[in-house]
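Report on one structure; see the data block that follows.
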Amino acid sequence: MTLQRTFSIIKPDAVKKGATGDILHMLQHAGFNIIGMKMLEITKQQAEGFYAVHASRPFFNSLTTFMSSGPIVVLALEKENAIADLRKLMGATDPAKADSGTIRKKHAASIEANAIHGSDAEETAKFELNYFFAGYELAG
Ligand code: CDP
Ligand code: MG
């Protein structure tokens, strides 16, 4: 297996409650190399562009309002099998269904305010990394 990159967001709920450090620690403990990281606030429009694949879902409006409600931390991560391993470490979308030891089990408040985002496939990882990072920002 070769090195793979994935994209993650520490969502506004987790940043607000001070869980950023713990989530970064969990990621690094699991072997993820942080090759890009920045804190920022996005507009509703920027959130809509990021989550465009979900535009027709009933939760789209609420989700994009939530994602633009406060600071987030965007991360470029590198590891072998990074995409699948991050999804596993995150846990299920609904924290009530998340396994113990996962980031969402520990930090998520609800199915919407669920602490962390992670790309779900190679194509989406590429799109999402490019959405938030320029190539020169990544310390490969
Ligand atoms: O983030 P993940 O890939 O696990 O889930 P998704 O199905 O791609 O949905 C994206 C995000 O929309 C979730 O992480 C939740 O924040 C939100 N969502 C929601 O608010 N209500 C749902 N029923 C499903 C997702
Ligand atoms: Mg998803």
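Whatever order the structure lists them in is the order used to number ligands and atoms, beginning at 1.
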Are any of the N or O atoms of Thr93 closer than 3.5 Å to those of ligand 1?
yes
Close side-chain approach of Arg5 and Leu77, heavy atoms under 4.5 Å:
no
Taking only non-hydrogen atoms of Lys11 and a 4.0 Å limit, the atoms of ligand 1 in range are 13 (C), 14 (O), 15 (C), 16 (O)
Starting from atom 15 (C) of ligand 1, which protein heavy atom do you reach first, and at what distance in Å?
Ile111 O, 3.2 Å
May I ask you to identify the nearest protein heavy atom to atom 1 (O) of ligand 1, giving residue, atom name and distance to one decimal place in Å?
Arg104 NH2, 3.0 Å
Taking a hydrophobic cluster as the set of Ile, Leu, Val, Met, Phe, Trp and Tyr residues connected by side-chain heavy atoms closer than 4.5 Å, whether directly or through intermediates, do Leu86 and Val15 fall within one such cluster?
yes
Could you check if a side-chain atom of Asp85 sits within less than 4.5 angstrom of a side-chain atom of Lys79, using non-hydrogen atoms only?
yes
Counting only heavy atoms closer than 4.0 Å, does ligand 1 sit against the backbone of Leu63, its side chain, both, or neither?
side chain
Arg87 side-chain N/O to Gly118 backbone N/O, donor-acceptor pair under 3.5 Å:
yes
Show me which atoms of ligand 1 lie under 4.0 Å from any heavy atom of Asn114.
13 (C), 14 (O), 15 (C), 16 (O)
Does the Thr6 side chain pair with the main chain of Ala82, one donor and one acceptor, at a distance under 3.5 Å?
no
Under 4.0 Å from any heavy atom of His54, which atoms of ligand 1 are there?
6 (P), 8 (O), 9 (O), 10 (C)
Tell me the protein heavy atom at minimum distance from atom 24 (C) of ligand 1, and give that distance in Å.
Phe59 CE2, 3.5 Å
Structural part of Arg87 in contact with ligand 1, heavy atom criterion under 4.0 angstrom
side chain
Mark yes or no for whether Arg104, through its side chain, and Ile116, through its backbone, hold a donor-acceptor pair below 3.5 Å.
yes
Could you give the side-chain donor-acceptor pairs of residues 19-33 under 3.5 Å, partners two or more places apart or in another chain?
unit_1, atom_1, unit_2, atom_2, d
Asp22, OD1, Lys106, NZ, 3.4
Asp22, OD2, Lys106, NZ, 2.9
Asp22, OD2, His107, NE2, 2.7

If we only consider heavy atoms of Asp120, is any one of them less than 4.0 Å away from an atom in ligand 1?
no
I need the contact type for Arg57 against ligand 1. Using non-hydrogen atoms and a strict under-4.0 Å cut-off, is it side chain, backbone, both or neither?
neither
Distance-only check: which donor-acceptor pairs under 3.5 Å involve side-chain atoms of residues 44-54, not counting sequence neighbours?
unit_1, atom_1, unit_2, atom_2, d
Lys44, NZ, Asn61, O, 2.9
Lys44, NZ, Asn61, OD1, 2.6
Lys44, NZ, Thr64, OG1, 2.9
Lys44, NZ, Thr65, OG1, 2.9
Gln46, OE1, Thr43, N, 2.9
Gln46, OE1, Thr43, OG1, 3.4

